[in-house]
Undergrad: 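The following block contains the structure, expressed as structure tokens.
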Amino acid sequence: MSREIFVTRSSMPEFEEYTEEIRSVFESRWLSNMGAKHMELIRRLKEFLQVERLDLFTNGHMALELSLAALGLKGEVITTPFTFISTVHAISRNGLKPVFCDIDPETYTMDVKQIESLITENTCAIMPVHVYGNICDVEAIETIAKKHHLKVIYDAAHAFGVTYKGTGIGNFGDISCFSFHATKVFHTIEGGAAVCHDDAVAQRLWEMKDFGIHDEETIDLIGPNAKMNEFCAAMGLCNLRHVEGEIAKRGRAAARYRKNLSDVKGLTLNRIQPEVKPNYAYFPVRIEAEEFGASRDEVVSKLKEQGIYARKYFYPAVNACGCYRDTCNPDDTPVAKRYSEQVITLPMYADLAEADVDRVCEALLESRR
Ligand SMILES: *Cc1c(COP(=O)(O)O)cnc(C)c1O
């Protein structure tokens, strides 16, 4: 078997760049609790993402969980079943009830035409996801939220660096949360951030990530420990220097995929959105088994035989997972259900060579019966 191609591969700085970055951490022995690297990364990310207020967390999930907590929500939150399980767990772990809205067939994001029919007197918020870096209909969501006095918390885990009409994607909604997990476009090994637009909310987030501590003798909030440490922040500082180049390299791999797969019967590629600067976080392909000549699951196992690892992302839909199945019906979101059975994300990372893209595409096409 030829060399394996994995679905993702973390971007890394040069070893020496990282060791140079952590030299001062060794010297100061200030390893966590909002040290110099933590504060510098906040400053640099605010610039890069064009946002006013940003806080760092141990991971993207804690950013989501604490964002819901910081807004003091109670009741039902409308969200999407076509996401990573983290989104919905963040709702449930806050004692809130997730209500699933189906997705738009073009963008994989929440179908805004269906949101209002799901609003009840208990609805407190909408939690949409910028799936694969495709942006939600942020304008329609804002209109609905204003009309019904709902908070909007975006799961922007896939959308680092994406802009819409020149505006950083973190500026939409009440809070937007990013993930800096090792597999994401930009990473801090593990990490995450929340962007908000209100000083009081920002202050609550700042305290909540550190046990709710305001100062040595004042603790008025209940919170976990979700502080990003200095080694992770240092990795972020290094990766941020190169992220634009890394996104450009992903763009070249994406263009190669498009060239190879655009006109294949039974394959639907991700739509390019107008006025959006993309980050090429993923390369999703939807497979219509009859037209293509092989089902999604057949394709995944055929690729695996060739040492190529594609991912069924997202499968199963969240409302079909054991932990939520008893409280909802996946048939209520038919598009998400069908798409979760058809979609694969192909290998995508900055260092993916064009020759490897060609090999993946060849194996994909050969998997037809
Ligand atoms: C990665 C991811 C998360 C969670 O982020 P972590 O940093 O892994 O905790 C949440 N939502 C989505 C859509 C993700 O892809």
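Atoms within a ligand are numbered from 1 in the order they appear, just like the ligands themselves.
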Undergrad: Looking at E230 and K37, what are the two nearest heavy atoms and their distance?
TA: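 Between these two residues, the closest heavy atoms are OE1-N, 2.8 Å.
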Undergrad: With ring centroids as reference points, do Y324 and H89 lie under 6.0 angstrom apart?
TA: yes
Undergrad: Would F283 and V131 show up in the same hydrophobic cluster when neighbours are defined by side-chain heavy atoms closer than 4.5 Å?
TA: no
Undergrad: Heavy atoms only: give me the nearest V357-R256 pair and the separation to one decimal.
TA: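 Result for this residue pair: CG1-CG, 3.6 Å.
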Undergrad: Please tabulate, line by line, the atom pairs linking an N/O of ligand 1 to a protein N/O at a distance below 3.5 Å, with the distance in Å to 0.1, or answer 'none'.
TA:
from, atom 1, to, atom 2, distance (Å)
ligand 1, 5 (O), S179, OG, 3.2
ligand 1, 7 (O), G60, N, 2.8
ligand 1, 7 (O), S179, OG, 2.7
ligand 1, 9 (O), G60, N, 3.3
ligand 1, 9 (O), H61, N, 2.9
ligand 1, 11 (N), D155, OD1, 3.4
ligand 1, 11 (N), D155, OD2, 2.7
ligand 1, 15 (O), H158, NE2, 2.8
ligand 1, 15 (O), K184, NZ, 3.2
ligand 1, 15 (O), Y313, OH, 3.3

Undergrad: Quick check: do L303 and Y309 have side-chain heavy atoms less than 4.5 Å from each other?
TA: no
Undergrad: Do you know the tightest heavy-atom contact between T333 and C101?
TA: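 Closest pair (atom of T333, atom of C101, distance): CG2-C, 4.0 Å.
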